[in-house]
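The structure under discussion appears below in the form of structure tokens.
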Amino acid sequence: MASVQMSGPRVVTPNPVLGGLRVAQSLAASRARRARGLVVRAATVVSPKYTSIKPLGDRVLVKVNSSEAKTEGGILLPVSVQSRPTGGEVVAVGEGRSIASNNIDISVPVGAQVVYSKYAGTELKFNEADHLILKEDDIIGILDSDDVKDLKPLNDRILIKVAEAEEQTAGGLLLTQANKEKPSVGTVVAVGPGPLSEDGSRKALSITPGNDVMYSKYAGSEFKGEDGEYIVLKASDVLAVLPQS
């Protein structure tokens with residue numbers, strides 16, 4: 001019987017000293033601190049005897065991009081504090097899913113560069129590279145460039161450019177960076193094709209690019225683009241459209 005090896009588990013916990021970066025702890029440290037309720041994560045190492053992986057159903061196999069090894073200032077980061085990547089290349093897809101009497105193919109093609117939800121999927125080590133198997137619904141969008149403003153959202157997701165935070169109060173007092181309230185308003189840049197309905201067809205979103213919208217304050221995935229901050233969220237997280245006078 002073919003065997004699948006398991007690598008040593010990694011323990012991941014937010015470290016307040018490092019601003020909430022996810023830090024990989026050693027197994028020895030995890031045993032000492034297990035009583036504190038830390039979460040144990042383990043990547044499955046696929047034996048070299050297997051030459052390919054075929055996802056099933058609506059699952060997608062993604063080869064994960066390497067994590068940043070340096071800060072913007074050029075400081076080398078130890079592996080333990082490098083941010084977990086949230087993008088990669090699709091290398092294999094499942095056969096899709098059935099809705100009613102319709103077979104729905106995976107909408108993401110092999111070779112596409114994608115962005116996915118931060119903690120989605122099952123981690124694999126295959127051909128000495130990091131991979132993820134995740135559901136198609138966990139993929140946020142397709143990104144063919146290095147700038148998030150070019151992201152093509154999938155399904156019912158929406159790409160929004162976040163409005164800049166107010167620099168001063170209504171009374172004219174200047175706000176420090178720490179005191180600026182996180183905006184929950186922005187302009188829609190791109191929208192997905194819409195969710196699948198019960199008969200397998202796509203239902204177009206009522207929100208369109210160019211709309212100014214208000215959204216749930218802690219929803220979505222945030223990204224920093226070359227010209228500002230962006231957020232990708234589901235259409236259901238949009239609270240209202242804000243018509244301009």
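For the numbers below, each heavy atom of this structure counts, side chains included, while hydrogens, waters and symmetry mates do not.
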Checklist entry - Under 3.5 Å, side chain of E95 to main-chain N/O of G57, donor-acceptor pair present? => result yes

Checklist entry - Got a sec, which residues hit ring pair (Phe, Tyr, Trp, His ring centres under 6.0 Å) with F126, two or more places apart in sequence or on another chain? => result H131

Checklist outcome for this item: Scanning both residues in full, the closest heavy-atom pair of P193 with R202 reads O-CB, 4.0 Å

Checklist entry - When clusters are formed by joining ILVMFWY residues with side-chain heavy atoms under 4.5 Å apart, either directly or through shared neighbours, do I207 and L233 land in the same one? => result yes

Checklist outcome for this item: Here the pair of heavy atoms bringing S197 nearest to I99 is O-CG2, 3.7 Å

Next on the checklist: With clusters defined by side-chain heavy atoms of hydrophobic residues (ILVMFWY) lying less than 4.5 Å apart, directly or transitively, does F223 cluster with I160?
Outcome noted: no

Checklist entry - Is a side-chain N or O of R59 found less than 3.5 angstrom from the main chain of I133, in a donor-acceptor match? => result no

Checklist entry - Within a strict 4.5 Å, meaning less than it, do heavy atoms of the V115 and S221 side chains meet? => result no

Item to check | Criterion side-chain contact (heavy atoms from CB on, under 4.5 Å) against L124, the qualifying member of L61, L132, D130, V62 | outcome: L61

Checklist entry - About how many Å separate OG of S184 and CG of L239, when rounded to the nearest 0.5 Å? => result 7.5 Å

Item to check | Reported CG-to-CD distance for the pair D150 and E226, which is rounded to 0.5 angstrom | outcome: 8.5 Å

Next on the checklist: For a 4.5 angstrom cut-off between non-hydrogen side-chain atoms, does D137 reach S117?
Outcome noted: no

Next on the checklist: salt bridge (charged side-chain N to carboxylate O under 4.0 Å, His left out), that's the test. Do D156 and K203 meet it? Break it down for me.
Outcome noted: CA-CA 9 Å; D156 61 342; K203 183 179 180 181; over 6 Å; no

Next on the checklist: Do L154 and V108 have side chains that approach each other closer than 4.5 Å (heavy atoms only, starting at C-beta)?
Outcome noted: yes

Checklist entry - Are any non-hydrogen side-chain atoms of P209 and V191 less than 4.5 angstrom apart? => result yes

Next on the checklist: Could you check whether any side-chain heavy atom of Q113 comes within less than 4.5 Å of a side-chain heavy atom of I142, counting everything from C-beta outward?
Outcome noted: no

Next on the checklist: salt bridge (charged side-chain N to carboxylate O under 4.0 Å, His left out) for D227 and K161? Distances and angles first, verdict last.
Outcome noted: CA-CA 9 Å; D227 60 346; K161 184 177 182 183; 3.6 Å; yes

Item to check | Shortest non-hydrogen contact between L134 and G121, atoms and distance | outcome: CB-CA, 3.8 Å

Item to check | Beyond-backbone contact of V64 with Y116, side-chain heavy atoms, under 4.5 angstrom | outcome: yes

Next on the checklist: Set out, in order, the CA-CA distance, both residues' side-chain angles and the distance that settles side-chain contact (heavy atoms from CB on, under 4.5 Å) for E222 and Y230, then state yes or no.
Outcome noted: CA-CA 6 Å; E222 298 176 338; Y230 290 79; over 6 Å; no

Checklist entry - Would I104 and V110 show up in the same hydrophobic cluster when neighbours are defined by side-chain heavy atoms closer than 4.5 Å? => result no

Checklist outcome for this item: Rounded to the nearest 0.5 Å, the CD1 atom of I140 sits from the OG1 atom of T86 at a distance of 7.0 Å

Checklist entry - Minimum heavy-atom separation for L159 to V148, with atom names? => result CD2-O, 3.5 Å

Next on the checklist: Check whether N155 reaches the backbone of R157 with its side chain - one donor and one acceptor, N or O, closer than 3.5 Å.
Outcome noted: no

Checklist outcome for this item: Smallest heavy-atom separation, E136 atom then I106 atom, equals OE1-CD1, 3.7 Å

Checklist entry - Does the side chain of I231 come within less than 4.5 Å of Y215's, by heavy atoms? => result yes

Next on the checklist: With no hydrogens and no angle check, just 3.5 Å: does a side-chain donor-acceptor pair link N103 and R97?
Outcome noted: no

Checklist entry - What heavy-atom pair brings L151 and P153 nearest, and what distance separates the two atoms? => result O-CD, 3.4 Å

Checklist entry - Are V185 and V189 connected, step by step, through hydrophobic side chains (Ile, Leu, Val, Met, Phe, Trp, Tyr) whose heavy atoms are closer than 4.5 Å? => result no

Checklist entry - Taking atom types as modelled and ignoring hydrogens, do the side chains of S145 and D147 form a donor-acceptor contact shorter than 3.5 angstrom? => result no

Item to check | Side chains of K152 and D144 in contact at under 4.5 Å (non-hydrogen atoms) | outcome: yes

